Amino acid sequence: MGFVAAVVFAVCCWFSHGVAGQEEPIQTFVIPHSHMDVGWVYTIQESMHAYAANVYSSVTEELSKVKERRFIAVEQEFFRLWWDTVASDTQKKQVRQLIKEGRLEFIIGGQVMHDEAVTDLDDDILQMMEGHGFLYETFGVRPQFSWHVDPFGASATTPVLFALAGFNAHLISRIDYDLKDIMQKNKKLQFVWRGSPSLKSQQEIFTHTMDQFSYCTPSYLPFSNCSGFYWNGVALFPDPPKDGVYPNMSLPVTKETVHAYAKTMVENIKQRAAWFRTNHVLWPWGCDKQFYNSSVQFNNMDPLMKYINQNSKEFGVTVQYATLSEYFQTIYQSNLTWEVRGSEDFLPYSTEPYQAWTGFYASRNVLKGVARQASSRLYAAETLFTRYRISFPDGPVAKDWALDKLRALRWAVSEVQHHDGITGTESPKVADMYLQHLLQAMMGAEELLAALFLLPHNLQSPSILGEPDIEQTLEQHVIVYNPLAWNITTIVNVTVTQPSAAVFDDDGQPVPAQIQGSAHSNATYDLFIVVELGGLQYRKYLIKFPENSKAYEAKAVSFERRSVKDRAKAGRLLLPVLSECYELLFDQDTNLLHSITYLEEKRRVMITQDFWEYDANGDVKAGPISDNYIFSANGSAVRAYKAVEMEIIPGKIVTEIRHHIYFGYIFYYAYSITTRVPECFGTKLPCHRLEQTYSLGPLSLNTEVVLRTSTSVKNNRTLYSDDNGYQMMKRTYRKFTNNTLARNYFPMVRTAYIEDDLSRLVLVSDRAHGVSSQTDGQLEVMLHRRLWNNLQWNLGYNLTLNDSSVVRPTLWMMLGSVSATSKLYQREAVQLQHRPVVMPIDQPQKPWQVKEPKRGSPLRSVVLPPNLHLLSLSIPGWNYCSNHSVHLNLHSQPDYDRILLRIMHLFEEGEDPELSKPVTINLKEALQGMGEVKGVEERSLTGTWDIASLQRWKWKTADNLEKDNKQQRRQDDDFTVTISPKEIRTFFVHFVSRNF
Ligand SMILES: [Zn+2]
């Protein structure tokens, strides 16, 4: 989205004093670009039709005509759609030539310009890799600069990922208006960013912050009613105009107007030059949906630039078309020493005193949830297909078919990371488009998983044994797959239709299980099964539905509804629920949680949880409004309910506590909390995880609901929340002149916690939310918003967020000492993201007459040390050669034998005495469960660089650190790799072929 910001920037036109007196003219880099949102208001199809295809067709033509012209291409999804479905052979030839000459430049190179606040690093990497793989195999190019001009705030993880991908400079724009103002005045918009406190200078990157004009060309012209420099006007939907005349086309550059245009442009350039340390100005020429008619753009700009250059002495300015790399090259060559910024991010983000962009952290909870589920399903399918392919290269699951399914899901998950996608800041029809693409591709991945689980792995005929059907019981089979490279013991929940059951593993041994009425339906039952699985292993479980169940049948105990009016007596009757880790006490006078004692240290923390609501204003005349982007509370939150009911279902595997929350004394409840406490006495089940699922909605209009966890932890309103699931950020409560409440909201992607010297309360999440600590000891999570407002701009684009869905997010809660929870939360967050895949493979039926063949040896497990996470294991299917000098001698077929392996160290330096240590592993040994490794090549984050040949620019910094900008060390020949805290290392792995 662009024009919101552009409108604000109309205040301009004062002459800079800093530049006067300089002899050299200011060198201006006019960078033609089109900001093409992959979604937002219009669907991708609508955008392609109305303008996006024309951008690339007309830019190709216009650049080919005049050699000085340049263009930067950003969002790969549109470019690829154009390349694959629109571009003619001639256009393709021209594009290759333009790329070769450095006149058409790919920037970022991801499928989209990803959001930075609510995306997970898995998906940020994926969407970038998806685009980079295409660019490299199609053109042999590797983007080296970012252009993050529109994401709403800037995360400290992004510069780290870009550095790991081999980028030489990063560019951001949307940061707090008041901070940007100070940075401009002090010429501090450019710095070297060390985004990770553990990786430090190793992955630092030069960062350019755009000035207050951001990425759109200033539109104010003192001599014309039309906006300036937008000669092709504004894109028209649904169809481009037949006569080529678009609305709001700028006044043409003619003999009469050229001087006035030149004067306006030069004034703006001089104003901007005063904010930077060098004599170079980056002058972005473009905005949202521009250059669909490049001929009129360039035919006006060419003579204007010529005129300025002819009079450069008088103007004190020269202008030239440039790509982003030409600009950064020049800054780099200035050889200045830059200030260092540490690992703090630029979140949250405000554009004005009452415009805190903290609402989108929680907008469209359903889309945020589905996007993460899809990502997790993709991860499971990728890892399982990789294992299959290594073990059974000639197996019956067709590799091309499998890769098609995976690619569809990679594409869908990439697309929704767009900064108007997963953010929830799109129109309803675009949200539906993302959901449809995700759900359809997830179904494809389910098909693939089913095939991988069920088809015999080799073509030997199985020995078949008949078995009489003696028992009159029904049976059902379920496959459970652990997609993580750690051994796990956990509880999975299978929904069944019978009230009693018994469960057996694939060796016929009974498995601990528990069955009870479902929390969400009267017609179904929750069957909890304790599963024990090795890393990357799956097992089949048999569920029998006998009269006399072997699974423990848990029964509910109900507690009378309690009104908030009768709270005075609270604290008299406390009901304990005990596990190996905790004693939870529930107050029978309120029916709410009262306290939790963590037994390891016998320390009790008062904790209560309930729902509160912010009332949002929807009338622009009455004050600031809340919308898809912005959170603007109309006062403090109020308690969202009148009464609470509680049910406790004590179990042998899990004890479930159900809270039903009522608005009044009516029959149905609006909100609920289901808390599961694992009862894991004497088993390997982890007991520290309290699993909570909430149900909320549909909300009434202009309501924003938070889950408030109020505790006796003395956190002084400081909380910690993560940047993209990669690293934790300390969020100190800040007071502002205006809007303090909304500006103290932060994104939580996977994790948030509060702590004092003794205790820490951690929440990990299955989707992004907004979090805040408005009062000492409180951690509130914004779970859902439903809004409407009468701002014309919002109404015009249908961006009022009238989201009437019911949402069911999950959080896992942990409590303990700071040191105990430090060991846990990173792994818990990963485990919540990648829960076991549970796939029922048949309906309950009479036992099979034909017994399946006894399985051969089960899949061998693949296990990494506890502080290393298998970030990716996949077969990308690229056809390029990993040797850059010969890479364009393409194979015609995707390479199915190149496995991409990515390993991440989960801990920060010094976070834990043991787990924060660097870890040395032998990849051949670590992966032997999959097959015999014959070769390993270390690569850049997105795979396109051989790490040994990657030399990033070394920017000078004040602290003059000895810099080893050579990327990470190559592994030794013996396959040994040392992975340091927070490192992410990427490899191509080749296995010995079993294809004989
Ligand atoms: Zn945008």
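Counting starts at 1 for both ligands and their atoms, in listed order. From a predicted model like this one, the values you see are computed outputs, not experimental measurements.
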Exercise for the section: Flag Asp150 as yes if one of its N/O/S atoms falls below 2.8 Å of the Zn ion (ligand 1), otherwise no. Expected result: yes
Problem - N/O/S from Asp420 sitting under 2.8 Å away from the Zn ion (ligand 1) - result: no
Problem - Asp37 OD1 and His419 NE2 subtending at the Zn ion (ligand 1) (10° steps) - result: 90°
Exercise for the section: Could you label the plane-to-plane angle of the Phe162 and Phe167 rings as parallel, tilted or perpendicular, counting under 30° as parallel and over 60° as perpendicular? Expected result: parallel
Practice task
Can you label the angle between the His419 ring and the Phe152 ring as parallel, tilted or perpendicular, going by 30° and 60°?
Solution key: perpendicular
Exercise for the section: Could you grab the distance from atom CE of Met729 to atom CZ of Phe746, nearest 0.5 Å is fine? Expected result: 12.0 Å
Practice task
Please find out if the Zn ion (ligand 1) and some N, O or S atom of His35 are separated by less than 2.8 Å.
Solution key: yes
Exercise for the section: For Tyr321 and Arg103, indicate whether the former's side chain and the latter's backbone hold a donor-acceptor pair under 3.5 Å. Expected result: no
